[in-house]
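Since the structure comes first, as structure tokens, the remarks are kept for the end.
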Amino acid sequence: MTNCPYRGIQIDMSNQSTTSRYASEVQSRRTFAIISHPDAGKTTLTEKLLLYGGAIRLAGSVKGRKAQRHATSDWMELERQRGISVTSTVLNFTYRGYQVNILDTPGHQDFSEDTYRTLTAADSAVMLIDVAKGVEPQTKKLFHVCRLRGIPIFTFVNKLDRFGKDPLELMEELEAVLGIRSCPMNWPIGMGPDFQGVFDRSSGQVLLFEAGRHGERIVDTGSYGLEDPALPDIIGQAQYQQLKDEIELLDVAGDPLDLERVARGELTPIFFGSAMTNFGVGPFLEAFLELGPPPSPKPTEAGELIPPDSERFSGFIFKIQANMNPAHRDRIAFLRICSGRFEKGMAIRHGRLGKEIKLAQPQQFLAQERSTVEEAYAGDIIGLFDPGIFRIGDTLCEGTPFDFTGIPRFSPEHFASIRPRDTLKSKQFKKGLEQLALEGAVQVFYPEGNYGAPEPVLGVVGELQFEVLQYRLGSEYNVEVVLTRLPYEHARWMKGAGFKPQDFQRQDTTCVTDHNGRPVVLFKSDWALRWAEQNHPGLQFLTTAPMGLADTEA
């Protein structure tokens with residue numbers, strides 16, 4: 001019998017049945033997303049997890065010195081210039097028997113749709129909180145998406161090397177703002193320049209860290225028992241007494257660790273540290289790998305659950321990224337494996353296309369470096385070379401095809417018409433726009449019949465997406481474009497037998513179609529949307545549209 005650290009599950013590997021054949025591989029997978037408000041330190045934490053996981057030997061900040069070679073999850077030049085993440089990144093590494101898949105997501109709210117899609121591929125989330133700012137608006141939005149999807153959340157309170165809110169106050173804020181209780185797995189010793197280390201509650205050891213060179217390397221750690229007579233002199237009598245008092249309070253009044261409550265989204269294990277200085281990163285990684293959930297069953301459109309240790313291979317496409325290597329103009333589709341065993345060159349069924357395809361060039365990623373995948377299991381994320389046959393939400397499987405629950409496409413909030421500045425580059429413009437739309441970087445709508453503007457209409461969740469689109473069309477497709485903002489505020493996918501496009505060609509509304517030819521109505525105001533809903537009670541005005549196979553249905 002082998003013990004699974006999550007939920008106390010025991011797995012008997014003596015009988016290699018069909019359902020348990022891959023159980024040990026599944027239990028060793030940890031696939032998680034890192035979510036936060038902008039500037040909380042997500043990309044820095046990601047780098048430091050790679051450092052402590054042995055995947056890289058030297059870490060640098062997002063804006064590190066150009067003379068040194070740093071491994072970072074931000075691959076796009078625009079990201080490095082702006083110092084922000086604008087697209088989700090997948091990073092894979094192996095550490096102490098665990099296969100770790102990190103999904104580093106954009107923190108900026110303008111790219112939240114990419115984060116929402118990426119969360120469909122995660123089994124848990126690490127919520128990063130700035131100790132000085134607490135729970136911020138984008139953190140709240142992403143937390144609620146995790147809760148809706150039933151994703152367990154682990155919390156890392158960052159930037160303890162700076163002054164911020166009292167840890168007990170932060171715990172109260174989590175409950176008041178997010179409605180979730182927290183269980184401290186460690187406790188900080190000091191704050192700001194006085195931050196010396198953490199008390200690990202599971203081992204009862206005080207871990208003191210020595211500052212290194214800008215956090216580039218793993219820091220030296222000293223371990224002391226809480227009753228060690230030398231400890232008060234090392235950390236200071238005042239710090240020592242405060243630590244003992246707060247630990248006693250947590251032991252008496254705090255919530256105990258209950259992984260069943262964590263799985264239900266009622267409790268979040270909370271860790272304290274500083275990703276910039278590496279303080280607390282190592283203990284967090286060790287604890288998370290032990291406590292974090294392995295892959296769980298995934299629901300299908302038919303209402304079934306596909307167990308991860310099933311022998312039958314299955315997975316779904318949750319992200320498509322063009323031109324990660326501009327020199328090769330490549331296009332990568334990211335596949336979350338949900339069950340079975342993947343083998344390089346295997347033939348599988350592409351459900352939406354209804355045909356068999358061969359997965360011949362699978363890859364895994366570490367920053368800008370790639371490696372060929374020979375085999376992978378449920379929970380793993382692999383990149384597939386995409387000749388143009390994949391869409392976000394596609395299900396790939398062995399045997400009779402089925403569909404995993406669709407990935408929603410959210411209603412955009414900002415709109416603009418678009419055209420190439422040079423009409424001679426119309427071909428490159430069309431190709432670039434189509435590819436970026438299939439990535440989910442932007443939504444493209446087309447005029448209905450003879451109505452509306454002659455150019456395609458772009459829809460985005462955040463305005464910064466327009467800037468990224470212009471940048472990528474210019475840098476990756478050599479096309480300068482002209483954007484003209486449009487005065488629409490809402491988009492609704494229309495459903496109902498009585499829908500007539502001409503009814504919505506008005507001064508304050510217009511009818512367009514999405515890339516699958518489905519009708520979408522754009523509204524200039526809240527009033528226009530309410531008027532339409534009141535005067536067309538037989539129609540449905542949908543704020544999201546499914547993607548993948550269901551995307552082709554009328």
Side-chain angles (χ1 to χ4, degrees), residues 4-7 9 26-27 29-37 40 42 45-46 49 88-91 98-107 111-129 135 138-156 174-175 177-183 185 257-271 284 287-300 305-308 315-316 318-319 334 336-339 378-381 392-393 404-408 410 544:
C4 169
Y6 189 66
R7 303 186 189 179
I9 297 175
V26 171
Q27 292 298 325
R29 263 58 186 177
R30 296 293 182 269
T31 304
F32 63 97
I34 302 180
I35 61 173
S36 79
H37 196 83
K42 268 193 311 72
L45 177 62
T46 301
L49 292 175
S88 300
T89 307
V90 180
L91 300 150
Y98 291 98
Q99 180 63 37
V100 184
N101 301 284
I102 303 178
L103 301 166
D104 181 24
T105 63
F111 306 99
S112 56
E113 188 172 7
D114 189 47
T115 300
Y116 297 155
R117 288 193 297 266
T118 300
L119 285 171
T120 64
D123 296 308
S124 62
V126 173
M127 180 171 64
L128 194 61
I129 291 179
V135 180
Q138 184 65 4
T139 310
K140 291 169 59 177
K141 292 181 181 179
L142 296 172
F143 172 85
H144 289 301
V145 172
C146 291
R147 174 162 280 180
L148 288 172
R149 298 200 64 85
I151 299 175
I153 295 175
F154 294 73
T155 300
F156 187 89
L174 287 178
E175 182 174 12
V177 177
L178 301 180
I180 189 170
R181 299 281 292 179
S182 56
C183 174
M185 305 305 296
L257 178 63
D258 183 342
L259 290 178
E260 289 289 350
R261 292 182 65 198
V262 174
R264 294 195 300 266
E266 300 172 2
L267 182 72
T268 177
I270 186 170
F271 300 81
F284 166 71
F288 175 80
L289 294 181
E290 180 182 350
L291 301 174
S296 58
K298 297 297 180 184
T300 69
L305 288 175
I306 304 299
F316 63 88
F318 69 93
K319 177 180 175 63
F334 289 89
R336 156 68 194 234
I337 300 176
C338 299
S339 66
D380 286 338
I381 307 292
I392 294 173
F404 285 109
T405 302
I407 301 175
F410 293 83
T544 62

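The figures here come from the full heavy-atom set of this structure, side chains too, leaving out hydrogens, waters and symmetry mates.
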Would Ile35 and Leu119 count as a side-chain contact (heavy atoms from CB on, under 4.5 Å) if you check the C-alpha gap in whole Å, the side-chain angles of each, and the deciding distance to 0.1 Å? CA-CA 9 Å; Ile35 61 173; Leu119 285 171; 4.1 Å; yes
I'd like to know whether Lys298 forms a side-chain contact (heavy atoms from CB on, under 4.5 Å) with Asp123, so could you lay out the CA-CA distance, the side-chain angles of the two residues, the decisive distance to 0.1 Å, and finally the verdict. CA-CA 10 Å; Lys298 297 297 180 184; Asp123 296 308; 3.6 Å; yes
Test side-chain contact (heavy atoms from CB on, under 4.5 Å) on Val177 and Phe143 and set out the steps. CA-CA 11 Å; Val177 177; Phe143 172 85; over 6 Å; no
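Put simply, OG on Ser339 and CD1 on Ile306 are 6.5 Å apart, with the number rounded to the nearest 0.5 Å. Between the CG atom in Leu142 and the CG atom in Leu128 there is a gap of 11.5 Å [rounded to 0.5 Å]. Note that OG1 of Thr118 and CZ of Phe334 are 9.5 Å apart. Values are rounded to the nearest 0.5 Å. Going from atom NE2 of His37 over to atom CE of Met127 covers 14.0 Å, rounded to the nearest 0.5 Å. The CD1 atom of Ile270 lies 13.0 Å from the CG atom of Leu257; values are rounded to the nearest 0.5 Å.
A salt bridge does not link Asp258 with Arg264: none of the charged nitrogens is closer than 4.0 Å to a carboxylate oxygen.
When all heavy atoms of Gly379 and Pro295 are compared, the closest pair comes out as CA-CG, 3.5 Å. The two residues Ala33 and Ala122 have their closest heavy-atom pair at N-CB, 3.9 Å.
Using a 4.5 Å heavy-atom threshold, the side chains of Pro297 and Pro308 count as touching. In this structure the side chain of Ile34 never reaches within 4.5 angstrom of the side chain of Phe156, judged on heavy atoms. Side-chain atoms of Pro299 and Leu305, non-hydrogen and from C-beta on, do get closer than 4.5 Å to each other. Residues Ile392 and Phe318 form no side-chain contact, since every pair of their non-hydrogen atoms from C-beta on lies 4.5 Å or further apart. No side-chain heavy atom of Val262 sits under 4.5 Å from any side-chain heavy atom of Leu291.
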Donor-acceptor pairs under 3.5 Å, side chain of residues 146-155 to any protein atom, not counting sequence neighbours: which ones?
from   : atom 1 : to     : atom 2 : distance (Å)
Arg147 : NH1    : Leu178 : O      : 3.4
Arg147 : NH2    : Gly179 : O      : 3.4
Arg147 : NH2    : Gly265 : O      : 2.9
Thr155 : OG1    : Thr268 : OG1    : 2.9

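The closest donor-acceptor contact from the side chain of Arg30 to the backbone of Tyr98 lies at 3.5 Å or more, if one exists at all. No side-chain donor-acceptor contact under 3.5 Å links Ser36 to the backbone of Lys42.
Residues passing the side chain to side chain donor-acceptor pair (under 3.5 Å) test with Arg181 are Glu175, Asp255, sequence neighbours excluded. Shown here are the side chain to side chain donor-acceptor pair (under 3.5 Å) partners of Asp380, two or more places apart in sequence or in another chain: Arg29, Asn101. Looking at residues two or more places apart in sequence or on another chain, you find a ring pair (Phe, Tyr, Trp, His ring centres under 6.0 Å) between Phe271 and Phe284.
Of the candidates Leu289, Leu49, Thr31, Leu91, Leu289 is the only one forming a side chain to side chain contact (heavy atoms under 4.5 Å, CB included) with Val100.
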